[in-house]
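Here the structure comes first, spelled out in structure tokens, and everything after it is commentary.
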Amino acid sequence: MLNPEQERAVKHFGKPLLVVAGAGSGKTKTLAHKVEFLVKEKGIDPARILAITFTNKAGKEIFDRVKAVAGVELSWVGTFHSTGLKLIREESKYLGIRPNVAVFEGQERTSLLKRLAKGANLNLPEFEDYIARRIEDLQPPGAKFENLFQQYLKTLHELNVLDFTFIMYYVHKLVTSKKIDKFDFVLIDEFQDTNTIQYEIVKALEKQNVCVVGDPNQCIYEWRYARPENILRFNTDFNPDVIKLERNYRSVPAVIYIANAVLSESQAQWKDLIPVLKPTKSGEQKPVLVAFNKEDEEALYIASQIENLRASTELNDIAILVRTSFVTDSIERALQSKKIPYRVVGTVKFFERAEVKDVLCFFKLLTNPYDKVSLERAIKIATRGIGEKTIESILKIGGENAIAGCKLAINTLDEYKAKEMEQFLRSLSYLYQGLNNYNERIVRFLGMIDFDGYLQRTYKDYEDRLDNVKELLKYLNQKHSEGYTIQEVLSEVGFSEEDEESAKAVKIMTIHASKGLEFKVVFLPRLEEGILPHEKSMRFNKIEEELRLFYVAVTRAREILYMTYCKNSKQSRFLSYIPRQLINMQAQSASAPRTHLKIGDLVSHQLFGQGKVLGIEGEKITVEFKVGKKTIHHAFLKKI
């Protein structure tokens with residue numbers, strides 16, 4: 001059963017159409033019925049319908065729905081890249097490409113780009129950014145990187161491969177140089193996430209029988225060159241009819257009213273296109289807003305609420321959505337303390353992230369000089385010009401003791417490499433001398449080895465990686481203040497028992513990764529200035545996209561929404577956009593129960609074993625273990 005707006009969109013024909021589909025408004029259902037209408041009522045061959053989606057998963061969903069609704073299979077359904085590659089292969093003779101051209105991604109692509117950039121003495125992240133801007137955003141050639149760009153293009157041709165960016169390059173080249181007579185109708189989903197070259201491809205493909213579906217308020221990929229203003233360009237270039245889908249079938253009324261309140265603050269140029277969502281579900285529960293003194297209290301609150309929800313809600317229907325990945329550190333540890341299964345989706349767990357391992361490898365090496373894996377990683381981070389063969393010889397010279405090998409190898413190296421190795425050992429010695437007071441030494445040590453420069457050279461998303469390193473340093477500081485030795489910290493980092501394969505697990509993901517998904521319960525932690533909106537977005541005046549991120553996050557919740565922040569930072573400006581009558585403002589004390597432990601109680605800890613309570617200060621408990629005194633939050637202790 002279609003609502004009136006959906007039915008209008010389905011039966012519209014003979015003129016370009018823009019469907020502005022608000023969150024949870026049933027657009028996939030609408031698209032499936034539209035294809036049925038085109039095939040059954042307008043007689044269009046399903047093999048001549050092009051349906052482009054944002055993800056392969058969405059493409060499969062459209063394919064399956066169309067097959068169920070219309071009884072036909074679409075030949076051309078999928079992402080710009082998957083359908084584009086198919087088009088390139090079929091029209092390869094016009095492009096001078098072999099029809100069996102393959103996709104070239106991942107480590108192989110990165111290795112080739114690194115080799116080319118190194119040979120030209122240029123920065124890899126900058127070169128990758130140039131490729132993206134040159135193609136995705138159709139920027140003009142630039143003097144610094146264009147020769148390298150052409151060399152990369154030539155190499156891809158010689159290898160008979162294409163990366164995702166160059167798939168778009170060749171599709172654009174094809175459709176702008178040759179009339180493509182393959183499609184009688186073009187459908188584009190998530191149009192707000194198209195970039196400049198994709199818009200130009202659509203423009204070249206079809207001017208009449210085209211329907212684009214999108215919501216500029218859900219464009220959260222401008223950093224990938226998505227251009228939400230493409231919807232306005234479509235209005236100008238195609239003069240379409242506009243139909244808004246505003247009835248929300250996903251969320252309870254309070255969530256919908258919050259989403260509308262947030263969007264009403266938008267200053268975007270497409271404000272007239274903003275859909276005002278109308279709830280269709282019933283429900284009286286208000287979203288919850290809670291403030292905490294610091295992050296570990298917030299994380300334990302989230303874990304406690306999930307513990308209470310387990311009786312009535314499947315864990316895989318609970319999501320914790322974060323603006324940036326470093327936020328997950330304290331949350332992961334709190335979930336582990338409650339033995340709540342969880343999965344970090346779309347990224348890796350905090351202590352498994354490369355930049356976190358990069359910092360910790362030095363501590364691992366110093367506490368275990370036989371750890372050759374950590375030595376190899378440490379040398380690559382802290383030195384320049386020492387390659388795989390030199391590292392291999394160092395490892396052989398030292399026998400079992402990796403650090404001894406470094407000392408012995410100095411006499412076998414040329415002058416430059418010997419100096420690099422001597423400096424490496426001096427910096428390690430400095431850190432080793434302060435292992436008992438590691439918190440005060442680590443920042444200076446990272447400066448000595450120019451760790452910041454290493455991050456910039458190595459990772460395109462350098463600033464995000466740096467955020468994770470800062471969070472790690474904060475964690476090390478906390479552990480040091482609680483009496484943890486560095487060996488105990490490393491043991492705790494490796495101590496995790498949650499079932500990764502379990503489908504019944506809480507999902508932790510970034511807001512970006514949550515787009516298109518929905519959950520019964522959603523937690524939005526760390527709603528603070530500098531996190532959401534992100535500090536980088538504040539610096540470059542990108543607040544509108546941050547507001548859209550908050551809107552997307554809120555509208556993932558079907559029934560229950562928790563919003564939290566820490567008072568040691570300033571609460572997010574977006575929270576001030578929400579009328580207070582729409583939310584349940586819980587007091588922190590009501591959500592963070594005091595400990596029931598008392599001095600003299602025997603307790604057990606996951607890492608330190610059994611101990612005796614010596615002192616209590618709020619929720620922090622001082623315990624005498626066999627390894628010494630530790631100060632630990634009561635939630636991590638179990639009374640014996």
Run the salt-bridge test on [X] and [Y] with the 4.0 Å N-O cut-off and return the result as yes or no.
X	Y	result
Glu91	Lys173	no
Arg573	Glu546	no
Arg353	Glu471	no
Asp317	Lys520	no
Arg233	Glu229	no
Lys244	Asp215	no

Would you find a donor on one side and an acceptor on the other, under 3.5 Å apart, between the side chain of [X] and the backbone of [Y]?
X	Y	answer
Asn260	Val276	no
Thr196	Leu138	no
Arg556	Leu517	yes
Asn248	Pro279	no
Glu518	Arg558	no
Glu355	Leu455	no
Ser251	Ile256	no
Ser569	Cys566	no
Gln208	Pro16	no
His157	Gly96	yes

Are the side chains of [Y] and [X] in contact, using a 4.5 Å heavy-atom criterion?
X	Y	result
Thr564	Phe523	no
Val101	Arg89	yes
Cys211	His12	no
Val19	Lys27	no
Gln151	Lys154	no
Pro141	Arg134	yes
Gln6	Arg247	no
Leu527	Phe550	yes

Can you tell me how far apart [atom1] ([X]) and [atom2] ([Y]) are? Round to the nearest 0.5 Å.
X	Y	atom1	atom2	answer
Arg109	Leu162	CZ	CG	11.5 Å
Leu289	Ile578	CG	CD1	7.0 Å
Leu549	Arg323	CG	CZ	5.5 Å
Lys179	Leu174	NZ	CG	12.0 Å
Leu277	Ile258	CG	CD1	12.5 Å
Ile167	Leu87	CD1	CG	11.0 Å

Is it true that, when you exclude [X] itself, more than 12 heavy atoms of the residues, nucleotides or ligands shown sit nearer than 6.0 Å to its [atom1]?
X	atom1	value
Lys114	NZ	no
Lys86	NZ	yes
Lys278	NZ	yes
Lys15	NZ	yes

For the student: nearest non-hydrogen atoms of [X] and [Y], plus distance:
X	Y	result
Gly59	Val77	O-CG2, 3.7 Å
Thr83	Gly78	CG2-N, 3.8 Å
Gly283	Pro253	O-CD, 3.7 Å
Ala47	Trp76	O-CD1, 3.4 Å
Gly22	Ser25	O-OG, 2.7 Å
Ala23	Arg250	CB-NH1, 4.2 Å

Is it true that the NZ or CZ of Arg227 lies under 6.0 Å from the centre of Tyr199's six-membered ring and within 45 degrees of the ring axis?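 Verdict for Tyr199: no cation-pi partner in Arg227.
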Looking at Phe185, does the NZ or CZ of Lys42 lie under 6.0 angstrom from its six-membered ring centre and within 45 degrees of the ring axis?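 No.
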Are the aromatic rings of Phe238 and Phe234 close, with centres under 6.0 Å apart?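 Ring centres of Phe234 and Phe238 closer than 6.0 Å.
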Phe166 ring center within less than 6.0 Å of Tyr152 ring center: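 Yes; Phe166 has its ring centre under 6.0 Å from that of Tyr152.
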For [X] and [Y], which I'm curious about, is there any donor-acceptor pair between the side chains at under 3.5 Å?
X	Y	result
Glu544	Ser266	yes
Thr53	Asp189	no
Tyr130	Gln139	no
Gln192	Glu190	yes

Checking side chain to side chain contact (heavy atoms under 4.5 Å, CB included) between Pro525 and each of Val327, Ile531, Leu321, which is the one that passes?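 Exactly one option meets the side chain to side chain contact (heavy atoms under 4.5 Å, CB included) with Pro525, and it is Val327.
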Yes or no on salt bridge (charged side-chain N to carboxylate O under 4.0 Å, His left out) for Arg8 and Asp241, after CA distance, side-chain angles and deciding distance? CA-CA 11 Å; Arg8 277 181 57 216; Asp241 290 335; over 6 Å; no
Apply side-chain contact (heavy atoms from CB on, under 4.5 Å) to Met538 and Ile543, showing your working. CA-CA 6 Å; Met538 294 164 66; Ile543 299 299; 3.8 Å; yes
Full working for side-chain contact (heavy atoms from CB on, under 4.5 Å) between Phe127 and Leu113: CA-CA 8 Å; Phe127 180 42; Leu113 288 171; 3.5 Å; yes
Verdict with reasoning, Phe149 to Glu146, per side-chain contact (heavy atoms from CB on, under 4.5 Å): CA-CA 5 Å; Phe149 176 89; Glu146 185 60 22; 3.6 Å; yes
Show the numbers, then the answer: is there a side-chain contact (heavy atoms from CB on, under 4.5 Å) between Asn316 and Lys507? CA-CA 6 Å; Asn316 60 351; Lys507 305 295 188 299; 3.1 Å; yes
